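These values consider heavy atoms only, across backbone and side chains, with no hydrogens, waters or symmetry-generated copies. Since the structure is predicted, the reported quantities are computational estimates derived from the model, not experimental observations.
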Amino acid sequence: MKLTILGGGGFRVPLVYGALLGDHADGRVTRVVLHDVDAGRLRAIARVLAERAAGVPDAPEVTATTDLDEALRGADFVFSAIRVGGLEGRADDERIALAEGVLGQETVGAGGIAFGLRTVPVAVDIARRVARLAPDAWVINFTNPAGLVTEAMSRHLGDRVIGICDSPVGLGRRVARVLGARPAEAWVDYVGLNHLGWVRGLRIAGRDELPRLLADPVLLGSFEEGRLFGADWLRSLGAIPNEYLHYYYFNREAVHAYQEAGRTRGAFLRDQQAGFYAGVADPAVPALELWDRTRAEREATYMAENREAAGAGEREADDLSGGYENVALALMRAIARDERATLILNVRNRGTLAALDGDAVIEVPCLVDAHGARPVAVDPLPGHATGLVCAVKAVEREVLDAARSGSRTAAVKAFALHPLVDSVNVARRLVDGYTAVHPGLAYLR
């Protein structure tokens, strides 16, 4: 079975390959094709993978190419993990937004819109090529903003593109652990959009244990989201929000923390990864060892500004091991082997949330088998959550319209309508600022 990884020179690709190395069942991946526009990054990651596979019998064969059509042709699965504009683009997104006093995070607020405007045209081109060159392939989208990009690709691939994110999985795992349950035995009632969802229940042996958690301030203070949001606010919500909702519920504090930081997250990752790729270019440097050290630092500093603003302390050791690669592999295995699984995924709504149309991509538990992923029916969201979901989905639709039409007016509207951008004038300045620095936005007119 052939797996193509787009963005194959990306830093987190070794996580995916490492997960593949532990799979020795029938129907496993035997060939991995890495595609990237940067040949140097491809060589670096190929070195890490070679060291990781050393001594592993029947490790999947790895090849690398900068030819997109060659990479896609004949693929059974395509993992899309691209970053249009690179980490320099992310750093610019953050810097320009923060200069206007608004959030520049890569998936939330102004930064997420800018990233989406750059990424959607490229993702749509990939979707069209997949439909032509590998019509039977399943596309698993890692590319952020994951829900928005998945929706853009679904207009050309239908249900054969599925978005993934490790945030809901990590949240469900933490809640189950606090309640003394094995995550595999818990049903997580989670619903929303990508990076905008809530755990509303956690059923163990048919019993919802979330009320017990919400009633216990000690338990609430014992895991990351409890410390990040505070016990009182979680009890007010009657739910546990995805960590990214901290940007909404505590926006002023988050923006202030990012403005006070010495470097933005994007700038930190840009500099850190530049050091990694430069180091791996030296054949005398052990590539896997350097990658491991760099990854540990990356994970430990994730959302550090938010945790500092909330006084939430350091990340727990169990949350430093990644996770999205396991979601991707579980999804791929369920489809390839027709092994029924339940996973939280980004899929088309199909009536699951009445407030949104059927083609809107949402993030909910899904049943997965050889026919793909089907969303599980969920209870309606409360009014405050419905309002936020509908507002952000409206912004995503404006981004898609701007990317399709090249309309600068639609781009301004996307920024202006976002709940975290508080002025039409700010929206106009953001579009001016982003188009001035990003070649990938030259299509806006």
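- For CZ of R333, the number of neighbouring non-hydrogen atoms (other residues, nucleotides, ligands) closer than 6.0 Å is greater than 12.
- Using cut-offs of 30° and 60° for the angle between ring planes, the F79 and F142 rings count as tilted.
- Here the two rings, on Y190 and W198, have centers that are 6.0 Å apart or farther.
- Qualifying side-chain contact (heavy atoms from CB on, under 4.5 Å) partners for D232, counting only residues two or more places apart in sequence or in other chains: R235.
- Side chain of K2 to main chain of V29: no donor-acceptor pair is present (N/O by atom type, distance under 3.5 Å, no hydrogens or angles).
- Side-chain contact between P241 and E225 is absent, with no heavy-atom pair separated by less than 4.5 Å.
- Checking N141 against T150 by side-chain atom types alone, a donor-acceptor pair falls below 3.5 Å.
- Closest approach of L210 to G201, counting heavy atoms only: CD2-N, 3.6 Å.
- A salt bridge does not link R397 with D401: none of the charged nitrogens is closer than 4.0 Å to a carboxylate oxygen.
- No side-chain heavy atom of V33 sits under 4.5 Å from any side-chain heavy atom of I5.
- Residues H35 and T65 have side chains that never bring a donor and an acceptor to within less than 3.5 angstrom of each other.
- By the side-chain contact (heavy atoms from CB on, under 4.5 Å) test, R118 pairs with V84, D93, A114, F115, H438, L441, sequence neighbours left out.
- With contacts defined as side-chain heavy-atom distances shorter than 4.5 Å, the pair L290/F276 qualifies.
- Side-chain contact between F223 and L213: present, with at least one pair of heavy atoms (C-beta onward) separated by less than 4.5 Å.
- In this structure, the side chain of T143 engages the main chain of S80 through a donor-acceptor pair within 3.5 Å.
- Of the charged side-chain nitrogens involved, none lies within less than 4.0 Å of a carboxylate oxygen, so that D432 and R429 do not count as a salt-bridged pair.
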